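Just so it is clear, the values below take in all heavy atoms, side chains as well, and ignore hydrogens, waters and symmetry mates. This is a predicted model, so every value here is computed, not measured.
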Amino acid sequence: MSHSHPMHARPSLRTLCASLIGVALLGACAPTASPEAPADVLITNGRLYTGEAGETAADAVAVRGTTIAAVGTTADLSRLKGPATIVIDARGGLVAPGLNDAHLHLLSGGFTLGHVDLAGLDSLDAIQQRIRTFAAGQPEAPWVEGFGWPYAPFPGSSPTAAQLDAAVSDRPAVMNCYDGHSLWVNTRALEAAGITAQTPDPPNGEIVRDPRTGRPTGHLKEAAADLVRRAMPVPTIEQRRAALRAAVSHAHRLGVTSVQNAGTSLDDMALLEAARDGGDLALRTYAAFRANGATTEADADAMMAVWQRMGDEGPTLRTGIVKMFADGVIESRTAALIDPYPGSADRGTPQLTPEDLTRVVTLLDRRGLQVQIHATGDRGVQMALDAFAHAAQLNPAPARGRRHRIEHVETISAPDIARFQSLGVVASMQPMHVVLGDMNSPSPSGPWPDNVGPERQRRAWAWRLIAGQGARVVFGSDWPVATLDPGPALWLATTRIGQVGDQPQAMPMADALRAYTSEAAWASFDESRKGRLIPGLLADLVVLTSDVLRTPPATADAVTVAATVFDGRVVYRKP
C-alpha cells in the first residue's frame with residue numbers, strides 16, 4: 001500500500017533554491033562555533049627537543065589538563081592564552097620532555113638529604129671535619145649517619161673505626177660509601193651490632209679485619225653492612241613519608257619527572273602505593289621488586305599478584321620489573337671479572353652462581369616480568385647476558401615483548417658488546433660513575449682504574465659503542481650513589497675524555513637527551529605515554545635556562561632548570 005502524499009512530492013527547483021539561500025543567510029547570521037579552550041600552561045619562546053626525528057620550527061608547547069594539547073610556534077599558540085593560563089617564557093632555553101632517571105634508589109636518596117654529605121671531599125681531614133660539624137649540630141640524634149665517602153683518601157682504600165672515632169665517639173656513627181656497597185662504622189656502631197673478631201662473614205659479605213689481630217677494622221663490604229643496619233633504629237612511618245616527600249621535591253628542582261626505582265621492598269611498595277592513593281606521589285615511579293638466588297616460583301607468583309593488582313595504566317606508580325645482582329663493585333674488588341684483578345689471582349665472587357642466576361631469570365621471564373641485573377664487571381655482564389639468552393631459548397616471548405636490562409655495565413668483554421643488540425637487552429648506565437671512578441681525565445688514578453688495569457679500562461662505560469651497535473642505552477644517576485641532577489650527567493656524556501678501543505665515547509647531546517627521555521620511557525614500557533613532546537602524551541616537561549643542543553655545557557654545573565611541569569602542573573620554577 002502506498003503512503004505517498006502531495007506534501008511529500010519533490011520540491012520545485014525554485015523552492016529548493018530559496019531554501020538553500022535561506023540556510024546560507026541563516027549560517028551567516030548564526031553565532032560561530034565556540035573557540036578552542038584555553039591552555040592551562042603555555043610555554044613560549046623555547047628551543048624544542050621533541051624526541052622526534054629532525055628539526056622543528058616549533059618553539060612553544062600548550063598543556064591542557066594532564067596532557068600536551070599542542071606543539072607549534074609562539075605566534076600560533078598565543079591564541080590559547082586565557083585569563084587563567086600560566087605562561088612560562090623559556091627565553092631561548094631548551095624545552096624537553098620531563099627527564100626520566102632510569103636507575104635510582106628513591107627512598108634511600110630521600111633519607112640522605114638529611115644526612116651528612118661527604119661527596120666531593122678528597123682528604124681524610126676534610127671528611128672528619130664535615131662529620132664532626134654535622135654531629136655537633138645533631139646532638140639529639142641517637143646515630144650519626146652520612147653518605148658519599150670515596151675510597152681514595154683512605155690508605156689501602158679501606159677506612160677504619162679509629163678514623164671515624166676521631167670525629168664521633170659518643171654514639172654510633174655509620175657512613176655509607178658513595179657506591180652503596182661499603183659501610184664505614186665507628187667503634188660504638190660495631191659494639192651496637194655485636195660485631196667482634198669471632199663474628200663470621202655473612203654470605204656475599206666481608207667484615208674487613210686487621211691481619212694481625214683478626215679484629216674488625218670498621219669497614220664492612222656488601223652484605224656485611226646489614227649486620228649494622230639491623231641494629232640501627234627503624235625509621236618511623238612519618239620519617240619514611242618525609243623522606244619520600246623530600247625526594248620528590250628534590251627531583252622537581254632538577255627537572256626529573258619520572259624515576260625507575262632499582263629494588264623496592266614490600267614496605268617501600270606499600271609506602272609508594274599509599275602516597276599514590278593520597279595524591280602525594282608527584283613523580284612517575286616504575287618500581288622494581290627484588291629477587292636473589294633463593295627466589296622461588298611462589299615468590300614470583302606473589303610479585304605477579306602485586307603487578308596484576310596495580311595494573312599497567314597507573315598514572316604515577318607501576319611495576320612489572322625485578323632487580324637482581326650478578327656481582328658487586330670494582331672499587332672494593334667485589335665485581336666479577338673474566339681475568340683476575342691486577343696483581344692478584346682473585347677474579348671477584350659473583351653474588352649468584354651462573355646456574356642460580358639463570359634459573360631465577362628464567363622463572364621470572366616465563367611470567368612476562370622484566371628483569372634488570374646489576375653487573376659492573378665483565379664476567380658479571382657476561383653471566384647476565386647468558387641468563388637472558390637461556391630464558392629466551394626456553395620460554396615463549398611474552399605478549400609485551402622482552403626488554404630485559406643490565407645495570408651499570410662498567411666494563412665489558414669485546415665479544416659481549418654486540419650481544420646487547422642481538423638479545424634486545426637494554427644497557428642502563430650512569431654517566432657520573434665515570435667521575436666517581438676517576439675516569440674523566442687523560443691519566444686517571446684511583447681504585448677503579450687500578451682494579452681493572454689498562455686493557456679493561458679501554459672498554460669502560462662503552463655507552464656510545466653499545467648504542468652504535470643498535471642496542472638501546474638509557475641513563476640514570478644511581479642516586480644517592482651519585483647526584484640526582486641530570487645536568488652533570490649530560491655534561492659528562494657529551495664531553496667525556498676517553499675512548500673505547502679507538503672510538504671516543506662522548507656522544508651528541510641529542511643522543512644523551514634521548515637516553516634520559518624517550519629511550520628511558522621505552523625501557524619501562526612507557527613509550528606510548530611519555531618521553532616525547534607530541535600532542536596527547538602526558539604533560540611532563542622541563543625548561544632549561546639555556547639551549548644545550550646549540551651550546552653543549554662546558555662544565556658540570558652548566559645545565560640548570562628554569563621550570564618543571566608534571567602532570568600538567570608547574571611544580572617548580574627557578575626563583
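When each of Arg532, Arg472, Arg514 is checked for a salt bridge (charged side-chain N to carboxylate O under 4.0 Å, His left out) with Glu519, only Arg472 meets the rule.
For Ser413, the side chain to side chain donor-acceptor pair (under 3.5 Å) criterion is met by Asp416, not counting sequence neighbours. Phe388 is linked by a ring pair (Phe, Tyr, Trp, His ring centres under 6.0 Å) to His404, counting only residues two or more places apart in sequence or in another chain. In this structure, the ring pair (Phe, Tyr, Trp, His ring centres under 6.0 Å) partners of Phe325, at least two apart in sequence or on a different chain, are His374. Judged as a ring pair (Phe, Tyr, Trp, His ring centres under 6.0 Å), and not counting sequence neighbours, Tyr516 has no contacts.
Scanning all heavy atoms of the two residues, the minimum distance from Met310 to Met269 falls at CE-SD, 3.9 Å. Residues Pro398 and Gly368 share a closest heavy-atom pair of CB-CA, 3.7 Å. The minimum heavy-atom distance between Pro97 and Tyr49, with the atom names listed, is CD-O, 3.2 Å. Scanning all heavy atoms of the two residues, the minimum distance from Ala287 to Thr264 falls at CB-OG1, 3.5 Å. Closest heavy-atom contact between Ala60 and Thr44: CB-CA, 4.1 Å. For Ala523 against Val426, the heavy-atom pair with the smallest separation is CB-CG1, 4.3 Å.
Using a 3.5 Å distance cut-off with no hydrogens or angles, the side chains of Ser477 and Asp101 do pair a donor with an acceptor. With hydrogens and angles left out, the side-chain atoms of Lys530 and Ser258 include a donor and acceptor closer than 3.5 Å. Looking at Tyr286 and Asn100, their side chains never bring a donor and an acceptor atom within 3.5 Å of each other. Counting only N and O atoms by type, the side chains of Gln421 and Gln469 include no donor and acceptor under 3.5 Å apart. Side-chain N/O atoms of Asp125 and Ser123 include no donor and acceptor closer than 3.5 Å. A donor and an acceptor atom, one from each side chain of Arg253 and Ser249, are located under 3.5 Å apart.
Salt-bridge annotation for Asp267 and Arg240: absent, with no side-chain N of the basic residue lying under 4.0 Å from a carboxylate O of the acidic one. With respect to Arg284 and Asp567, a salt bridge is recorded, a charged nitrogen being found less than 4.0 Å from a carboxylate O. At a threshold of 4.0 Å, the pair Arg456-Glu410 does not count as salt-bridged, since none of the basic side-chain nitrogens sits closer than that to a carboxylate oxygen.
For the pair Thr285 (side chain) and Leu283 (backbone), a donor-acceptor distance under 3.5 Å is present. Side chain of Thr74 to main chain of Asn45: a donor-acceptor pair is present (N/O by atom type, distance under 3.5 Å, no hydrogens or angles). No donor-acceptor distance shorter than 3.5 angstrom exists from the side chain of Thr564 to the backbone of Val571, with no hydrogens or angles considered. The closest donor-acceptor contact from the side chain of Thr494 to the backbone of Trp491 lies under 3.5 Å.
Evaluation of the ring-ring contact (aromatic ring centres under 6.0 Å, His included) test over residues 244-266, restricted to residues two or more places apart or in two chains, returns His250-Trp479. Applying the ring-ring contact (aromatic ring centres under 6.0 Å, His included) definition to pairs two or more places apart or across chains, those involving residues 78-104 are His103-His105, His103-His408.
Atoms CZ and OG, from Arg405 and Ser428 in turn, are 4.5 Å apart once rounded to the nearest 0.5 Å. Atom-to-atom distance recorded for Ser524:OG and Asp312:CG is 10.5 Å, nearest 0.5 angstrom.
By the 6.0 Å contact criterion, CD1 on Ile237 is enclosed, its count of non-hydrogen atoms from other residues, nucleotides or ligands being greater than 12. Shown here is Arg91, whose CZ atom has no more than 12 heavy atoms of other residues, nucleotides or ligands within 6.0 Å.
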Exercise. Which is it for Val565 and Asp540 under the side chain to side chain contact (heavy atoms under 4.5 Å, CB included) test, yes or no, and what are the steps along the way?
Worked result: CA-CA 5 Å; Val565 177; Asp540 299 346; over 6 Å; no

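The six-membered or imidazole ring of Trp149 lies near that of Tyr151, with a centre-to-centre distance under 6.0 Å.
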